[in-house]
Amino acid sequence: MMQNTSRLALLASTALLALPLQAQAEQSDITVALQLEPPHLDPTSAAAGAIDSVLYANVFEGLTRFASDGAVIPGLSKSWDISEDGLTYTFMLNEGVTFHDGSTMDAEDVKFSLDRARGEDSANAQKALFAGITDVTVLDPLTVQVTLEAPNGSFLFNMAWGDAVIVAPESVANIKTAPIGTGAFKFENWVQGDQITLSRNEAYWGTPAALTDVTFKFISDPTAAFAAMMAEDIDAFVGFPTPEALPQFEADPRFQVIIGSSEGETILSTNNMMPPLDDRRVRKAIAHAIDRSAIIDGAMFGLGTPIGTHFAPHNPDYVDLTGLSQYDPELSKKLLAEAGFADGFTTTLKLPPPSYARRGGEIIAAQLRAVGIETEISNLEWAQWLEQVFRGKDYGLTIVSHTEPFDIGIYARPDYYFQYNNPQFQQIMDTLNRATLPAERKALLKVAQTIIAEDYVNGYLFQLAFHTVAKAGVEGLWENAPTQATDLTAVRWSD
Amino acid sequence: MSLSRNILIGGLLCLIVVSTALLSFVWTPYDITTMDIPNKLQTPSATHWFGTDHFGRDIFSMIMVGARTSLAVALVAVGIGMGLGVPLGLWAAARQGGWADELIMRGNDLIFAFPSLVIAILITAILGPGALNAILAIGIFNVPVFARLTRAGALPLWQRDFILAARVAGKSRALISVEHILPNVANLLIVQGTIQFSLGILAEAGLSYVGLGAQPPTPSWGRMLADAQTMVSFAPHLALIPGLAIISAVLGLNLLGDGLRDWLDPKIRVVRT
């Protein structure tokens, strides 16, 4: 017994000695919390944005990449030439790029990645990004040529998506559990249901990261998120779930709150095939029954920008069409009467878990009730929502934020869950995909935005704000979310 | 004989809850579906006695209508439990040791083997969330409670002389159960009913809290608590008020149940007088 006590005392004294030494070293690790955990770790075979939230820019890189302001900048390819006819892209790759397993990244890997993504049996969630590619040719180990079927003004943009990152044929078999990329961080470990750890890639080809160790923690419960941040168990929460808690963090000198814009168009998605919602007048009536400012104040505590079409307001090609669907309950009632629903009707409103949907749904239900439209609210978990609404198309109305950048093209897909089928719009999207001149693209985008706004395909609510809470000493986090990403390559602790 | 303090306090609390619920049918200070977002999250004041919630709705009005939801769910659920459980218990006792007794009591054991809230979640998950399904779920796990209690209360009665006399007189077991057994176990049932009623209110609040009870816009105390969860740190009244409402209803019913047991139990009454 005596021996045990003295051993304990010895242990305690060594621990005391070690403590000041540790505190002196500059902090080089970070724990970042996210709300959603990835289902697996292959960004090239799933639509789940949570995968990119962890891996984009940190572990995986593409030929081009998004900067924090949404601009497309060089990635693994340091420069490129575009032929006169806009059909051939020649990418010059950076020298000395290696994968985390030590193998060299060269033109063969680029060809492999692009061919894999556009192949017949590809599991890529965004195959449309690669649809125009007819051929990928290796000119030499550092030069690769991509030939397109038709000029595509957004090709470089497409190559910046997380779905277009470069992977190696040697390691792709295990990518879902052991992702091997070229980024500034290497994947270390994944404790499912809890965390993913990354460590600095010492052989990185570009500017090395300041942080040595990164832990992504997954905290889905908003109350737990608040508690973890307040207790400083985590260093940052990217995409903090409850806007109402932000003023408390702002008032606390230990924390900083970063509020930026996201690519999330939050919309009242409408089943365009389900009567009476297939009637444009009914959809227009719904649009005029909605008071956006009440929704932004009530559900998001004032954070969010009203939108009138499916387009991000910070995009230079955005057209403000909120005037087409101004809050006007009287007009709304008149339109309903014209459509033969003077006494209103009843439809379903299926809500996924985020607070913008659950709270926004209650507000919209109250606003629709005021013009005579009754909604049966049912709250669904994400899996149920994907099953019933997104795949099953068994819904009248739902609220969801579309977080993919520049995704107006989904309106050209009649089989998409809101089932909007307008050949004129599909024609315009087709022309847009071939257009390369900025002025021409701008004009086409304006027409496209106007068509869906005038058809009242969905109720356009607001652009989701993107909020991050971090400890005061954290620098270099992205302010905006131009794509789903938590780029930690430039993050450091200030002194 | 004077009523005990338990009955008085419990009865008073229950009276407040019940009268609030009844009053809400004809009058609430504000319409509970009207949102007034500019006036959200107000603290209690003269205009809004309990303040307003995150949509600017009047919390006092929501508590009133919420009382209605809670009472209705608990009342019907206890009704289901008694309506099915008591006849089953009487039947089992009348045929003690027979196949009916075995079947009923083993069936009860089966339901008892599952944690009640887990059954409720299972039922609402299969049938979909909503007040009706919550009633059904809570009602089902009330059945074995009443069945067991009735059987336990009835078994010793079957050995009593007055029952033997009735049997000798040629009355059927079913008739004896209704005419003689039931009145003699009624005290037990009333007391247990009050307790189950309070458990029903708790269960409804619990189911609503996890989103399986009454769906919006129908107010429910449990959902008010759930909505308040992320705002507790800066608007504590949002959680305190529905919490206090649940406490007063449950405490009131428990005190009333305790008091009634003491009052109705002949053994204790004899000692007291």
Side-chain angles (χ1 to χ4, degrees), chain A residues 221-227 229-231 240-252 291-302 327 348-355 357-370 374-381 383-384 388 394, chain B residues 30-42 52-59 61-62 65-66 69 121 124-134 207-220 222-239:
Chain A
D221 179 56
T223 320
F226 178 82
M229 197 70 234
M230 266 296 165
F240 195 77
T242 49
E244 63 269 30
L246 295 178
Q248 276 177 294
F249 288 111
E250 264 167 352
D252 193 326
D291 179 4
R292 292 188 185 90
S293 64
I295 297 169
I296 294 172
D297 281 347
M300 304 311 290
F301 286 71
Y327 179 51
T348 55
L349 177 57
K350 299 196 171 178
L351 304 173
S355 58
R358 292 279 165 92
R359 286 191 205 140
E362 278 200 61
I363 300 174
I364 285 181
Q367 291 173 351
L368 291 181
R369 197 178 309 117
E374 287 293 331
T375 49
E376 287 162 7
I377 293 184
S378 44
N379 291 335
L380 305 177
E381 294 305 312
Q384 292 174 298
Q388 290 183 24
D394 172 23
Chain B
Y30 293 84
D31 174 22
I32 49 118
T33 54
T34 309
M35 296 183 179
D36 180 15
I37 285 160
N39 286 319
K40 66 181 177 194
L41 296 177
Q42 285 188 2
T52 58
D53 76 348
H54 55 294
F55 293 143
R57 291 176 298 193
D58 182 55
I59 293 181
S61 310
M62 291 178 74
V65 185
T69 315
I121 289 175
T124 45
I126 293 170
L127 301 177
L132 272 179
N133 294 335
L207 283 178
S208 298
Y209 181 80
V210 294
L212 296 171
Q215 294 296 296
T218 312
S220 147
R223 198 156 35 74
M224 288 173 79
L225 271 181
D227 286 346
Q229 201 174 343
T230 59
M231 292 170 237
V232 168
S233 47
F234 57 91
H237 68 285
L238 253 56

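This is a predicted model, so every value here is computed, not measured.
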(Q) If I measure from the heavy atoms of chain A, does B:Q229 come under 4.5 Å with its side chain, its backbone, both, or neither? (A) both
Q.
Check for me whether the distance between the ring centres of A:F226 and A:F249 falls short of 6.0 Å.
A. yes
Q: Please flag which part of A:A294 lies under 4.5 Å from any non-hydrogen atom of chain B: side chain, backbone, both or neither.
A: both
Q) Heavy-atom distance under 4.5 Å to chain A: side chain of B:L212, backbone, both or neither? A) neither
Q | Side chain / backbone / both / neither for A:R359 at chain B, heavy atoms under 4.5 Å | A | both
Q) Can a donor-acceptor pair be found between the side chains of B:T34 and B:D36 at a distance below 3.5 Å? A) no
Q.
Under 3.5 Å, is there a donor on one side chain and an acceptor on the other for A:Q248 and B:S233?
A. yes
(Q) Under 3.5 Å, is there a donor on one side chain and an acceptor on the other for B:S220 and B:S208? (A) yes
